[in-house]
Amino acid sequence: MDRAALFDVDGTLVDTNHLHVVAWWEAFRQGGHQVPTHAVHRAIGLPGEQLVEHLLGGSRDPSDDDRLSTAHDTLYATFFERLQAFDKAGDLLRVLAGDGWKVVLVTSAKDRELSALRRAVDADEALTDTATSDDVEEGKPAPDPIEHALSLVGVPADRAVFVGDSVWDMKAARRAGVVSAGLLCGGIPRADLTEAGAAAVYADPADLLAHLDTSPFKTVPADGAPSGTGEP
C-alpha cells in the first residue's frame with residue numbers, strides 16, 4: 001500500500017513566514033489597522049480570509065477583506081524572485097520520493113506564488129501532486145486540505161505523515177487523523193507545536209532529513225516491512 005508524505009510549504013520548506021508578516025503588517029497599515037507583527041506571525045498559516053478575521057475580529061467591515069488580501073498579495077509578490085528554500089528542503093523531498101513515498105505539497109499558495117515557491121525548493125521531480133486551499137471549502141486548521149491531499153494520491157490517513165511549521169498545521173493533521181512532525185524554522189515555539197499535536201519537532205528540513213530513521217516517517221512501514229520502534 002502507498003504512503004504519503006504531506007508538506008506545508010511556507011515556513012516549512014521555504015523561508016517566507018517573516019516576509020508574509022511584513023506584507024500583512026503593511027497591508028493592515030494601509031487599511032488603517034494597527035496590528036502588531038507578533039500577532040501577525042502567530043496567524044501565518046491561516047488562509048487569507050481566515051487570517052484577516054482572526055486578527056481583526058468579527059466587528060470589522062468584511063467588505064474590506066478583499067482589498068487587504070490584494071494589498072498583501074501585491075506586496076508579497078515583490079519577493080518572488082528572491083525566495084529561498086531552507087537547507088536540504090529539496091533533498092528531503094527527493095529522499096522520501098526515492099524511498100517510495102508519494103510527496104504532496106499542501107499549501108494556501110496560488111498560481112504565481114506557488115510557482116515561485118516550487119522554483120525555490122527545486123524538487124519538482126519528487127512531487128506527486130499539489131493540494132491548494134482553492135480545492136476545499138475550509139482551510140487549515142480544518143482537516144479539509146489534508147484530507148483532499150490524501151484523496152489525490154489514494155492514501156489513507158494512517159499511511160501518511162504531515163510536516164508543517166504552525167499550530168494550524170498540527171491541528172489540521174490531528175483532525176485528519178494524520179501523524180505530524182513540526183519544524184521550528186517557521187518561528188513557532190516547540191511547546192506550541194507539541195501542544196497542537198506534533199508527534200516530534202525538528203529544527204528545519206535538514207534536521208528532519210538527518211533523523212528520518214527515528215522520525216514519524218519510520219512508523220509508517222513500506223509494504224511487508226516491520227514498523228520502526230525508534231523514538232523521535
Side-chain angles (χ1 to χ4, degrees), residues 1-14 45 85-109 114 117-133 135-136 140 143-166 169-186 193 197-232:
M1 184 181 295
D2 289 325
R3 301 172 294 173
L6 313 178
F7 283 86
D8 173 61
V9 185
D10 282 301
T12 298
L13 298 175
V14 185
F86 289 113
D87 185 34
K88 303 295 184 182
D91 290 342
L92 174 60
L93 302 189
R94 283 186 284 267
V95 167
L96 288 167
D99 196 33
W101 290 81
K102 291 189 172 183
V103 179
V104 184
L105 302 184
V106 186
T107 176
S108 298
L114 178 56
L117 292 167
R118 290 175 67 158
R119 284 196 303 271
V121 177
D122 193 22
D124 273 2
E125 72 278 10
L127 301 181
T128 301
D129 217 325
T130 300
T132 75
S133 59
D135 303 320
V136 296
K140 295 177 283 189
D144 303 32
I146 293 176
E147 291 172 348
H148 175 64
L150 293 174
S151 73
L152 290 175
V153 292
V155 174
D158 62 357
R159 298 281 299 170
V161 176
F162 179 75
V163 182
D165 68 291
S166 71
D169 292 327
M170 302 302 105
K171 289 180 178 181
R174 182 169 58 187
R175 292 167 183 173
V178 174
V179 66
S180 62
L183 300 186
L184 298 173
C185 47
L193 296 173
V201 179
Y202 303 89
D204 51 26
D207 188 29
L208 174 55
L209 178 59
H211 295 92
L212 271 182
D213 285 346
T214 55
S215 76
F217 286 97
K218 191 66 172 179
T219 68
V220 185
D223 282 348
S227 297
T229 57
E231 291 294 328

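In this structure Ala89 satisfies the side chain to side chain contact (heavy atoms under 4.5 Å, CB included) test together with Leu13, Ala85, Pro205, sequence neighbours excluded. Every residue two or more places apart in sequence or in another chain that forms a side chain to side chain contact (heavy atoms under 4.5 Å, CB included) with Asp207 is listed here: Tyr202, Ala203, Asp204, His211. Annotation: side chain to side chain donor-acceptor pair (under 3.5 Å) contacts of Asp91 (sequence neighbours excluded): Arg94. Contacts of Arg175 classified as salt bridge (charged side-chain N to carboxylate O under 4.0 Å, His left out), with partners at least two apart in sequence or in another chain: none. Ser166 is linked by a side chain to side chain donor-acceptor pair (under 3.5 Å) to Asp169, counting only residues two or more places apart in sequence or in another chain. For Phe86, there are no ring-ring contact (aromatic ring centres under 6.0 Å, His included) partners two or more places apart in sequence or in a different chain. Residues forming a side chain to side chain contact (heavy atoms under 4.5 Å, CB included) with Asp158 (at least two apart in sequence, or on another chain): Pro156. A search for side chain to side chain contact (heavy atoms under 4.5 Å, CB included) contacts involving Asp129 returns Val104, Leu152, not counting sequence neighbours. Remark: Asp8 pairs with Lys140 by the salt bridge (charged side-chain N to carboxylate O under 4.0 Å, His left out) rule, at least two apart or across chains.
Considering all non-hydrogen atoms of both residues, Asp10 and Asp165 come closest at O-OD1, 2.9 Å. The two residues Gly197 and Met170 have their closest heavy-atom pair at N-CB, 4.2 Å. Here the closest heavy-atom approach between residue Lys88 and residue Leu209 is recorded as CB-CD2, 4.1 Å. Nearest approach of Ala109 to Leu117, heavy atoms of both residues: CB-CD1, 3.6 Å. Nearest heavy atoms, Pro216 versus Thr219: O-OG1, 2.6 Å. Shortest non-hydrogen contact noted between Ala149 and Leu6 is CB-CD2, 4.1 Å.
Checking side-chain atoms of Arg159 against main-chain N and O of Pro221 turns up a donor-acceptor pair under 3.5 Å. No donor-acceptor pair closer than 3.5 Å links the side chain of Thr130 to the backbone N or O of Leu105.
Listed by first and then second residue, the side chain to side chain donor-acceptor pair (under 3.5 Å) pairs involving residues 99-109 are Asp2-Lys102 (not counting sequence neighbours).
With respect to Val121, the side chain to side chain contact (heavy atoms under 4.5 Å, CB included) criterion is satisfied by exactly one of Leu127, Val14, Leu92: Val14.
Put simply, the side chain of Phe7 reaches to within 4.5 Å of the side chain of Leu96, judged on heavy atoms. For the pair Phe162/Thr12, no side-chain contact is recorded, criterion being any heavy-atom separation below 4.5 Å from C-beta on.
Summarising the geometry, atom OG belonging to Ser180 is positioned 8.0 Å from atom CD1 belonging to Ile146; distances are rounded to the nearest 0.5 Å.
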